[in-house]
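As the structure is a prediction and not an experimental result, all values here were calculated from the model. In this chain, numbering begins with 1 at the start of the sequence shown.
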Amino acid sequence: MFLAVDLGAESGRVLRGSLRDGRLTVREVRRFVNRPVALPQGLHWDVLALFADLSAGLDAAVSESGSPADGVGIDAWGNDFALLDRDGRLIGNPWHYRDPRTRASTALVAARAGAGAIYRTTGTPPLPINTASQLVAMEGSPQLEMARRLVMLPDLFGYWLTGRLATEQTIASTSQLLDVATRTWAVDVIDKLGIPPRLFDFEVVPAGVRVGGLRAHPGVPLWTVAGHDTASAVAAVPAAAPTFGYISSGTWSLVGLELTAPVLTDAAMAAGFSNEAGVDGTIRFLRNGTGLWLLQRCRAAWDSPPYADLVAAAADAPAFRGLVDPDDPRFVSPADMPARIAASCRETGQPVPDDRAAVVRCILESLACKHRWTLERAEELSGLRVDVVHIVGGGAANPLLCQLTADLTGRPVLAGPVEATAVGNLLTQARATGALTSLTELRDVVARSLPPRRFEPHGSDAVETAYTRFCALLDSGDRI
């Protein structure tokens, strides 16, 4: 029996998983809200509230089980980090990746280290959300002067639970500061960016390492899992073949391929693809795009009606009227998303969505178009062709999005598991204890335990016409 702490940008969960006779059963023990805090100085994560909630969830899970758990694993979103002083104490609440302070620092990162050079070393293009951009934006700050250690967020919570520090490869690879070939810190890049090297004077470890015992529950070990939530989700893709496309669909849509070696060409960098560390030395060749964030913010503006009701109404709305680029910078801010979508349609001479169903239809069709665009770029850049697309995460529970993605990509979509991140977390722990022996066996367990739902593509002239319009929209905006 294993416990998973899965922290997302919108909410956190503690789940319990039991592996018996080659099948995994999963039960959610506690779910809690993740609320960023807007201070006068900027947007931050409330890591103290998150730690209190996840600790309460672990307490409940351990007490319910009636026997000691065989392990705990923690995963979270990438890029963001905490700084610790010489005594291991937290220096301020961590910054939120959506805070606008990094807009200018991305250009500084490219200028100091060379965009092409940093990409060939780290496999990551310069992006405002990267740890590297955030650290450059903090240059000269008292916090950075005081700091002696940088920890990614899942590692921070593990440290507070056990008193021991360990940094795992997949979460470290989201920083733009990890060497993609050696999976060690890119010392030369760190030096060129002017970031204090003392922050990285420690080893990066793979998934499956025992960190230490939980202080509150002696005898229960903490294991490193794929600490980046997307890496855990990709590990749980129930793929039957070694080559497949995947979409980790949640607040973000992370679309890509699992490779054995990185793609470090100028074309891959220009297209915005990252080469992030995966389990067992794999590479997650993916592009990070805006996902269901658009729907989340619209729902919040409408007083939070059930997602299922919004999607059902959208399924009956007219198809392919207005389309938007989900990655349009205007959508980064959480404010009044329905009005921003309407403004984008109006400015591009398209029909403006006139009710909630039309807005949701616009969002899901636009996401499916961007899924196709990104998958085709990944194939071109890697030289691979995939015959099936797996959607995991929250988007796998959205039948309209899954069907639209199948229709647009022209390939079967296998949807699920919805809780892929937690499933990957749990089964990576199982493998660390010897209950499973390989990534292939892990994925076989997922397929048996949580068989995906299949969506067959239904191509049509209307689909192709809409996609042509979408590509023209991207070209006119000069955005990728």
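When each of L178, T184, D179 is checked for a side chain to side chain contact (heavy atoms under 4.5 Å, CB included) with V204, only L178 meets the rule. For the side-chain hydrogen bond (donor to acceptor under 3.5 Å, both in side chains) with Q176, the lone residue among N79, N130, T122 that qualifies is N130. Put simply, the residue from N398, L295, I341 that forms a side chain to side chain contact (heavy atoms under 4.5 Å, CB included) with V360 is L295. When the options N288, L254, V255 are evaluated for a side chain to side chain contact (heavy atoms under 4.5 Å, CB included) with S248, the one that passes is L254. Partner of S438 under the side chain to side chain contact (heavy atoms under 4.5 Å, CB included) criterion, chosen from L442, T440, L436: T440.
Judged as a ring pair (Phe, Tyr, Trp, His ring centres under 6.0 Å), and not counting sequence neighbours, H371 has no contacts. With sequence neighbours excluded, no residue forms a ring pair (Phe, Tyr, Trp, His ring centres under 6.0 Å) with W293. Residues satisfying the salt bridge (Lys or Arg N to Asp or Glu O under 4.0 Å) test with E168, not counting sequence neighbours, are none. Here R443 pairs with E258 under the salt bridge (Lys or Arg N to Asp or Glu O under 4.0 Å) rule; sequence neighbours left out. With sequence neighbours excluded, the residues that form a salt bridge (Lys or Arg N to Asp or Glu O under 4.0 Å) with R120 are D266.
Under 3.5 Å, the side chains of Q350 and T348 contain a donor-acceptor pair of N or O atoms. Between the side chains of Q134 and D99, not a single donor N or O lies within less than 3.5 Å of an accepting N or O. T290 and D327 form a side-chain donor-acceptor contact under 3.5 Å, judged by distance and modelled atom types alone.
One N or O on the side chain of R284 and one on the backbone of A277 form a donor-acceptor pair closer than 3.5 Å. With N93 contributing its side chain and D46 its backbone, the two residues share no donor-acceptor pair below 3.5 Å. In this structure a side-chain-to-backbone donor-acceptor pair under 3.5 Å is missing from S232 to D229. A distance-only check finds a donor-acceptor pair linking the side chain of R411 to the backbone of V386 [under 3.5 Å]. Looking only at distances, no side-chain donor or acceptor of T428 sits under 3.5 Å from a matching main-chain atom of V225. Checked by atom type and distance alone, the side chain of R98 never pairs as donor or acceptor with a backbone atom of P334 at under 3.5 Å. Judged purely by atom type and a 3.5 angstrom limit, R340 uses its side chain to pair as donor or acceptor with the backbone of A335. Side-chain atoms of Q429 come within 3.5 Å of backbone N or O of V72 as a donor-acceptor pair. When atom types are taken as modelled, the side chain of N275 and the backbone of G123 share a donor-acceptor pair closer than 3.5 angstrom. For T121 (side chain) and I118 (main-chain N/O), no donor-acceptor pair under 3.5 Å exists by modelled atom type.
Of all heavy-atom pairs between P457 and A406, the closest is CB-O, 3.2 Å. Heavy-atom minimum distance, P126 versus A110: CG-CB, 4.3 Å. Across F157 and V47, no two heavy atoms sit closer than the pair CE2-O, 3.5 Å. Nearest heavy-atom pair across A132 and L193 is CB-CD1, 4.0 Å. Taking every heavy atom of both residues into account, P326 and F331 meet most closely at O-CD1, 3.7 Å. Considering every non-hydrogen atom in both A415 and A396, the closest pair reads CB-O, 3.8 Å.
Rounded to the nearest 0.5 angstrom, S476 OG and E347 CD are separated by 11.0 Å. In this structure, T124 OG1 and Y119 OH are separated by 8.0 Å, a value rounded to the nearest 0.5 Å. Between the SG atom of C298 and the CG atom of D336 there is a distance of 8.5 Å, given to the nearest 0.5 Å. Here the CD atom belonging to E365 is positioned 7.5 Å from the CG atom belonging to L400, to the nearest 0.5 angstrom. Rounding to the nearest 0.5 Å places CG of D325 at 10.5 Å from SG of C471. Going from atom CZ of F2 over to atom CG of N425 covers 10.5 Å, rounded to the nearest 0.5 Å.
In this structure, R149 satisfies the cation-pi test against F202, with its NZ or CZ atom closer than 6.0 Å to the six-membered ring centre and inside 45 degrees of the ring normal.
For the pair E419 and R13, the minimum side-chain heavy-atom distance is below 4.5 Å. The shortest side-chain heavy-atom distance between T224 and P206 does not fall under the 4.5 Å cut-off. Two residues are said to be in side-chain contact when any heavy atoms from C-beta on lie closer than 4.5 Å; L135 and L177 meet this criterion. T230 has its side chain out of reach of W252: every pair of non-hydrogen atoms, C-beta onward, lies at least 4.5 Å apart. The side-chain heavy atoms of P128 and R103, taken from C-beta on, include no pair separated by under 4.5 Å. Between Y97 and T102, every side-chain heavy-atom pair lies at or beyond the 4.5 Å cut-off. With a 4.5 Å cut-off on side-chain heavy atoms, V151 and Y159 do not count as touching. A heavy-atom distance below 4.5 Å is not found between the side chains of F470 and L408.
Within a 6.0 Å sphere centred on CZ of R385, heavy atoms belonging to other residues, nucleotides or ligands number more than 12.
Ring geometry for W45 against W77 counts as tilted: the plane angle lies between 30° and 60°, on a 0 to 90° scale. Note: F244 and H390 have perpendicular aromatic rings, judged against thresholds of 30 and 60 degrees for the angle between ring planes.
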Steps toward side chain to side chain contact (heavy atoms under 4.5 Å, CB included) verdict (R164, L222) = CA-CA 10 Å; R164 295 189 60 189; L222 175 73; over 6 Å; no
Stepwise, does the side chain to side chain contact (heavy atoms under 4.5 Å, CB included) test hold for S249 with L292?
-> CA-CA 7 Å; S249 175; L292 292 169; 3.8 Å; yes
R101/E139 under salt bridge (Lys or Arg N to Asp or Glu O under 4.0 Å): CA gap, chis, key distance, verdict = CA-CA 12 Å; R101 76 197 188 287; E139 194 170 57; over 6 Å; no
For the pair I363 and M337, evaluate side chain to side chain contact (heavy atoms under 4.5 Å, CB included) and give the outcome as yes or no after the intermediate values.
-> CA-CA 11 Å; I363 291 170; M337 193 63 73; 5.7 Å; no
Go through the steps to decide whether R330 and S344 satisfy the test side chain to side chain contact (heavy atoms under 4.5 Å, CB included), and finish with yes or no.
-> CA-CA 9 Å; R330 80 178 74 204; S344 177; 4.0 Å; yes
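The aromatic ring centroids of Y467 and W373 lie 6.0 Å or more from each other.
Listed by first and then second residue, the side chain to side chain donor-acceptor pair (under 3.5 Å) pairs involving residues 191-207 are D188-K192 (not counting sequence neighbours).
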